[in-house]
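What follows is one structure encoded as structure tokens, with my remarks underneath.
Numbered from 1 within each chain, the chains take letters A, B, ... in sequence-line order.
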Number of protein chains: 2
Amino acid sequence: MTSQSVEEYLEAIYKLAEDGAPAAIPALAERLGVSSVSANEMVRRLERDGLVAYAPYKGVTLTAEGEARALNILRRHRLWERFLVDVLAMPWEEAHEAACGLEHVSSPSLIDRLERFLGGPDTCPHGHAVPTATGQIALRNGRPLSDLAEGDEAVVVQVPEEEPGVLTYLSGLGLRPGTVVVVVAIAPFEGPLTLRVGEAVLALGRNLASRILVERK
Amino acid sequence: MTSQSVEEYLEAIYKLAEDGAPAAIPALAERLGVSSVSANEMVRRLERDGLVAYAPYKGVTLTAEGEARALNILRRHRLWERFLVDVLAMPWEEAHEAACGLEHVSSPSLIDRLERFLGGPDTCPHGHAVPTATGQIALRNGRPLSDLAEGDEAVVVQVPEEEPGVLTYLSGLGLRPGTVVVVVAIAPFEGPLTLRVGEAVLALGRNLASRILVERK
DNA sequence: CTTGAATATTAGGTTTTCCTAATCATCGCA
DNA sequence: TGCGATGATTAGGAAAACCTAATATTCAAG
């Protein structure tokens, strides 16, 4: 019996930990739209239940059990997203929102059936790997778009998920998994990249570019 | 912002009221697996919020607003059930369970897309009408199986939903919407009906038979 | 018209998840 | 090394849904 709140915390902790360091409480609170006090409280509860390890001023880390749960949630989320986008033709950011609800009320049997119906997709619409029913997750190969040199051509394999605004923006630019991009120019001093995407030429901030994964063509 | 609990109450009140009289609190509590005190408390809250009218010892009735909400929930429930059974090939009673969760986390946009994908089905897998997005619900024509006479032949148009055990039982007997039945015999003193369903002959209690709707062939 | 059963309500609690305000601890930088 | 910003925790609450136990009402049937 894992409550919806608990699941959301586990998911958020997992996502935050993806950027290297353990999740900090204020960052966690921020992401969940909750006060630091509440996040602290909940983290204590998760610790008591053996789902995370918490060291004040250091951060929160998932235990093996906690990570298994988190991967399972991610599995549900990404399969639903795939369904919503591919089958129901829902726009990206709306699909993310909707999947956030559905993921907490989906039995293993339902999810397995959904996976079979979808033909066992490897990734969600943003290119993130779908964990298996047994909790394995494939690691994406590809490197940040910001690592390319001028003149390089590459194909997008992954864009960040979560932030609704970012999703709409990228979607509007046509930057989605499978898109071919050519680096036209790279501005100095951590400046933006100029890209050619199909016919269009556009500028993309370095920060966002570093969160988009590409593969050499 | 209607909470999941509130939605479940509205749904239960609607279903109970279908059998004629306003929903009694103990019946409501029973159906929701909750104490009478809790049900009473919640009904008071619903009344405060203008969703029901409550007269002690008389029962609970939905207001126009409450009924609109209930129909919307039923719409979501039945469309999801259709999806789970038709598309994911989920067995009946598992689908009912699963739909109970999904119905509370589905935005109007999601439900409209789902409906379009399913081709705008008129009924759920048990033959209950799907309310429209604007809150209309078609009334089923058909009469109780228990009203037939010996020798009558008819086609099932609706079976009771909700109780998991009943669903499995009926499903096992092959009694589902579309099934053709012939009344072989009717036992006196409110006794069981003997039916022929395809090749099989089976006995069905009068009570259950009265909750199955059929149409003359 | 009384009385027993069914129904309703009150009183007092619990758990979960959130909050604000205030205090305490720590880290990193000057 | 000392201090200010950031992070952590405590104290005290709130709202939603539940619960049990006890009491009060009302219904219906004899």
When rounded to the nearest 0.5 angstrom, what distance separates [atom1] in [X] from [atom2] in [Y]?
| X | Y | atom1 | atom2 | result |
| --- | --- | --- | --- | --- |
| B:Leu10 | B:Glu65 | CG | CD | 9.0 Å |
| A:Glu8 | A:Arg31 | CD | CZ | 11.5 Å |
| B:Gln136 | B:Leu71 | CD | CG | 9.0 Å |

If you count every heavy atom of other residues, nucleotides or ligands that lies below 6.0 Å from A:Glu30 atom CD, does the total exceed 12? no
Counting only heavy atoms from other residues, nucleotides and ligands, does the tally under 6.0 Å from CD of B:Glu7 exceed 12? yes
So, does B:His77 use its side chain to make a donor-acceptor pair with the main chain of B:His104 at under 3.5 Å? no
Those residues of residues 38-63 of chain B lying under 4.0 Å from DNA chain C by at least one heavy atom: B:Asn40, B:Arg44, B:Tyr54, B:Pro56, B:Tyr57
Scan residues 5-36 of chain B against DNA chain C and write down, sorted by residue number, each residue with any heavy atom closer than 4.0 Å; if none is found, say none. B:Ile25, B:Pro26
Step-by-step salt bridge (charged side-chain N to carboxylate O under 4.0 Å, His left out) determination, A:Glu215 to A:Arg143: CA-CA 7 Å; A:Glu215 232 168 29; A:Arg143 55 192 206 294; over 6 Å; no
Quick one: does NZ or CZ of A:Arg75 land under 6.0 Å from the six-membered ring centre of A:Trp80, within 45 degrees of the ring axis? no
Judged by each residue's nearest nucleotide on DNA chain C, which is more toward the 5′ side, A:Val37 or A:Gln4? A:Gln4
